[in-house]
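For this chain, numbers begin at 1 and follow the sequence in order.
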Amino acid sequence: MSRFQVYRAALPEVCATDPHRMVFTADAEGRCEVFTWDAAARRARRVTDRPGGTLHGAIDADTYVWWFAEDARGVGHWQFQPFDGPYTGGPGRPGLTGVPDGTARGLAVTADATVALGIGLGDHTTVRLGTRGGPGREVTRVDGPAALAGLAPHGDLLALTRTADAPRAVTLLTPDGTEVAALPGDDPHGRLWALGFGPAPDDHPTLLLVRERGDRYTLATWTAATGTVTHDWCALDTQFTARWYPDGGAVLIRQDRHGRSLLRRADLARRTLDPVPSPPGTLLDAAPRPGGDLHTLWTDSTHPPRMRSTAGTPLPPLGTVDGRVPGTLRDIHTPGPDGPVHTLLSLPESTPGPHPAVFLVHGGPADHDRDAYDGTVHSLVASGFAVARVNYRGSTGYGPGWQRAFRDGVGHTQVTDLAAVRADLVARGLIRPDATGLWGTSWGGYLVLLALGTHPGLWQAGVAVKPVADYAAAHASATPALRALDERLFGGTPAQVPDAYAHSSPIRYAARVRDPLLVVAATHDTKCPPAQIRSYLAALDTAGAPHASLWLTSGHDGYDGGDHVTVLRRAVRFLDRTLRRTTARTTPPPRRPSPAGEGSAHHAVEH
């Protein structure tokens, strides 16, 4: 749940049989849509044209293009059409027939056109199997949030994942639904994630795993013959993900560590872990390709994302911004009870400090801010604000202990860290104590509301975009995956631990809010539902708290760039007026050009 991301931060999906044929997502008339890319001809073709945009795209070995056609609630179905199809927004065929609409929970297609789909249907998940375009037969149906993690190359084994700390974190099934193995993720084994089957089409499919063990994350593999094998020689101190090399003998590891990225090559036969050169900053994605090529998607705070190929393969252009990105970046470490709190601080260069400041609060909480380009940071720094991106306790990228450190309770621990960093930056003379604001989206928006209610007067303004405002009410109507997340954070449901939910709910402190607040909400949001935000706004009205609201006719993860620009302009003007008592003209940074041209549209109502 990240802020203002219209584009998927991932490399193009590459066809296994023709690496020059790819599928990617890009801006099209202000929306995220699916495109094909012919690297040999350096030609793009727009595939989808949907009112709400399209985020999920893929390509199979027969060069059929896949996309998930969903509505504002995230409910839809998979479709496909030929790579060289003549239509933009033209008709696609159902990936499998007879499959009910639901939420996307995984897609896998083998070289012989066997298709497996994971579909979320309310409080349960179904996995359907069939031949591309044919009827989909149900393999299994499980309660609660789950996802299809992979389909073995021969189509003879499926991997289904649940939460990483569940007694059955990963389940292996045959196509007829017979359970082959259930891999535990609860203590003493440690949390477990499945990353997909190896590419080698042999009779012993290998599933790639990551195991959290103590204070480390360790590479692991599973086969029917060996069971789970933990590769202790490949253990790292912070989170990582991995992809198979095309020959199946090694994996490429991308590690998130203290706001930046590292690459390594793990050779499973030789038991070696070697660094792979990469520039300082963040690798949003990295993928080994046939012939020794390596594709990366790199960025840092002063450079928008760039796709690179070590073999010189032409990749889709992402565009850039005009001129130099404003500001200078500093790493700040503030002492705390569980270790130093790391902040990425961007400072304007045009005026001397101390500066008015905006704390841009990331969501999650299982996420972190990176040394990466952010259009919101660009706009704020260009408007004269310092921007602090704080990786509070609970963030990823700093090890298991940091992610579990909730000693002050859910939300309150993170607000404590935000307040400590604020005091540190004020003491260093970097920001103004009388002109500091908060801005967050989703769980970050939740922290904004909680901070303004529990520390009135410490912050001078807040912007909360699509937040959790009443935890118990949000739990009652949120998605199954988010309900499960709530129950892990709090140790139970609102009925089981009502005091814990109440203690961490912003609505409990709404009457104490006295700093100007802008709340942005979406009418079709299923993750942070609108009803609990309306209740919070009503509580602010009753208390006479200064606030304004902006409603979007979209879902939580909107793919319409116009909505993002609307929120950006309104929020920066609001912060400029409340923190600097001025009304400056706000110009968002240029959007990335797309193969289909530029444009935008939005639907918003202000109150």
Would you say the side chains of Thr396 and Gln403 form a donor-acceptor pair under 3.5 Å? no
Could you check whether any side-chain heavy atom of His547 comes within less than 4.5 Å of a side-chain heavy atom of Val519, counting everything from C-beta outward? no
Under a 4.5 Å cut-off applied to non-hydrogen side-chain atoms, are Trp402 and Asp338 in contact? yes
Gap between atom CG of Leu550 and atom OG1 of Thr566 - 0.5 Å precision: 7.0 Å
With no hydrogens and no angle check, do the side chains of Thr493 and His475 hold a donor and an acceptor under 3.5 Å apart? no
Answer yes when Asp285 and Arg243 have at least one side-chain N-carboxylate O distance shorter than 4.0 Å, and no when they do not. yes
More than 12 foreign heavy atoms under 6.0 Å from CG of Asp176: is that the case here? yes
Chi angles and distances behind the side-chain contact (heavy atoms from CB on, under 4.5 Å) call for Glu179, Thr171: CA-CA 7 Å; Glu179 183 177 300; Thr171 305; 3.9 Å; yes
Between the side chain of Thr218 and the main-chain N/O of Asp232, is any donor-acceptor distance below 3.5 Å? no
What orientation do Tyr398 and His368 show, parallel under 30°, tilted 30 to 60°, or perpendicular over 60°? perpendicular
Min side-chain heavy-atom separation Trp439-Thr376 under 4.5 Å: yes
NZ/NE/NH1/NH2 to OD/OE distance under 4.0 Å, Lys466 and Asp525: no
Heavy-atom closest pair, residues Val180 and Thr174: CG2-CG2, 3.6 Å
How are the rings of Trp443 and Tyr392 set to each other: parallel, tilted or perpendicular (split at 30° and 60°)? tilted
side-chain contact (heavy atoms from CB on, under 4.5 Å), that's the test. Do Gln255 and Tyr217 meet it? Break it down for me. CA-CA 10 Å; Gln255 182 186 12; Tyr217 295 90; over 6 Å; no
Shortest non-hydrogen separation from Leu148 to Ala116 and the atoms involved: CD2-O, 3.4 Å
Please confirm whether the backbone N or O of Val520 pairs with a side-chain atom of Arg570, one donor and one acceptor, at under 3.5 Å? no
Are side-chain N/O atoms of Thr125 and Arg105 paired as donor and acceptor at under 3.5 Å? yes
In terms of side-chain heavy atoms, does Arg393 have a donor or acceptor partner in Thr416 at a distance below 3.5 Å? no
His333 and His342 aromatic ring geometry - parallel, tilted or perpendicular at 30°/60° bounds: parallel
Closest heavy-atom contact between Leu518 and Ala571? CD2-CA, 4.0 Å
Backbone N or O of Arg211 within a donor-acceptor pair of the Arg216 side chain at under 3.5 Å? no
Mind running side-chain hydrogen bond (donor to acceptor under 3.5 Å, both in side chains) on His258 and Asn391 for me, showing each step along the way? CA-CA 9 Å; His258 299 188; Asn391 283 326; over 6 Å; no
Hey, what do you get for CH2 (Trp193) to CD (Gln239), rounding to the nearest 0.5 Å? 7.0 Å
Could you grab the distance from atom CD1 of Ile332 to atom CZ of Arg389, nearest 0.5 Å is fine? 13.0 Å
Would you say the side-chain atoms of Arg128 pair up with the backbone N or O of Val115, donor to acceptor, closer than 3.5 Å? no
Without swapping roles, check the side chain of Asp515 against the backbone of Gly457 for a donor-acceptor pair under 3.5 Å. yes
Nearest heavy-atom contact between Arg422 and Phe359 is CA-CZ, 3.6 Å
Donor-acceptor pair between Thr454 and His412 side chains, under 3.5 angstrom: no
Closest non-hydrogen atom pair, Thr413 against Ala405: CG2-O, 3.4 Å
On the 0 to 90° scale, with breaks at 30° and 60°, tag the His503-Tyr509 ring pair as parallel, tilted or perpendicular. perpendicular
State, yes or no, whether a side-chain contact exists between Phe68 and Leu55 at a heavy-atom distance under 4.5 Å. no
In Å, rounded to the nearest 0.5 Å, how long is the span from CG of Leu209 to NE2 of His231? 8.5 Å
Report the C-alpha distance between Leu380 and Leu575 in whole Å, list the side-chain angles of each, state the deciding distance to 0.1 Å, and finish with yes or no for side-chain contact (heavy atoms from CB on, under 4.5 Å). CA-CA 9 Å; Leu380 287 168; Leu575 292 168; 4.3 Å; yes
Looking at every non-hydrogen atom in both residues, tell me the closest pair between Val468 and Gln532 and how far apart they are. C-OE1, 3.7 Å
Spacing of His455 atom NE2 and Leu418 atom CG [to the nearest 0.5 Å]: 9.5 Å
With Phe490, which of Asp499, Leu485, Val497 fulfils side chain to side chain contact (heavy atoms under 4.5 Å, CB included)? Val497
Are side-chain heavy atoms of Cys234 and Ile253 found at a separation under 4.5 Å? yes
Residue pair Trp244 / Leu195, side-chain heavy-atom distance below 4.5 Å: no
Heavy-atom distance under 4.5 Å between the side chains of Leu121 and His124, does that happen here? yes
Side-chain donor or acceptor of Arg73 paired with backbone N/O of His524 under 3.5 Å: no
Determine yes or no for a side-chain-to-main-chain donor-acceptor pair under 3.5 angstrom, with Thr282 supplying the side chain and Ser261 the backbone. no
Is there a donor-acceptor contact under 3.5 Å from the side chain of Ser505 to the main chain of Tyr471? yes
Decide side-chain contact (heavy atoms from CB on, under 4.5 Å) for Val448 and Trp459; before the verdict, give the C-alpha distance in whole Å, the side-chain angles of both, and the deciding distance to 0.1 Å. CA-CA 10 Å; Val448 171; Trp459 315 92; over 6 Å; no
Keeping Arg257 on the side-chain end and Arg260 on the backbone end, is there a donor-acceptor pair under 3.5 Å? no
Main-chain N/O of Pro175 paired to Arg137 side chain as donor or acceptor, under 3.5 Å: yes
Could you tell me if Gln460 and Thr578 have a donor-acceptor pair between their side chains, going purely by distance under 3.5 Å? no
I need the Leu452 CG to Arg512 CZ distance, nearest 0.5 Å. 11.5 Å
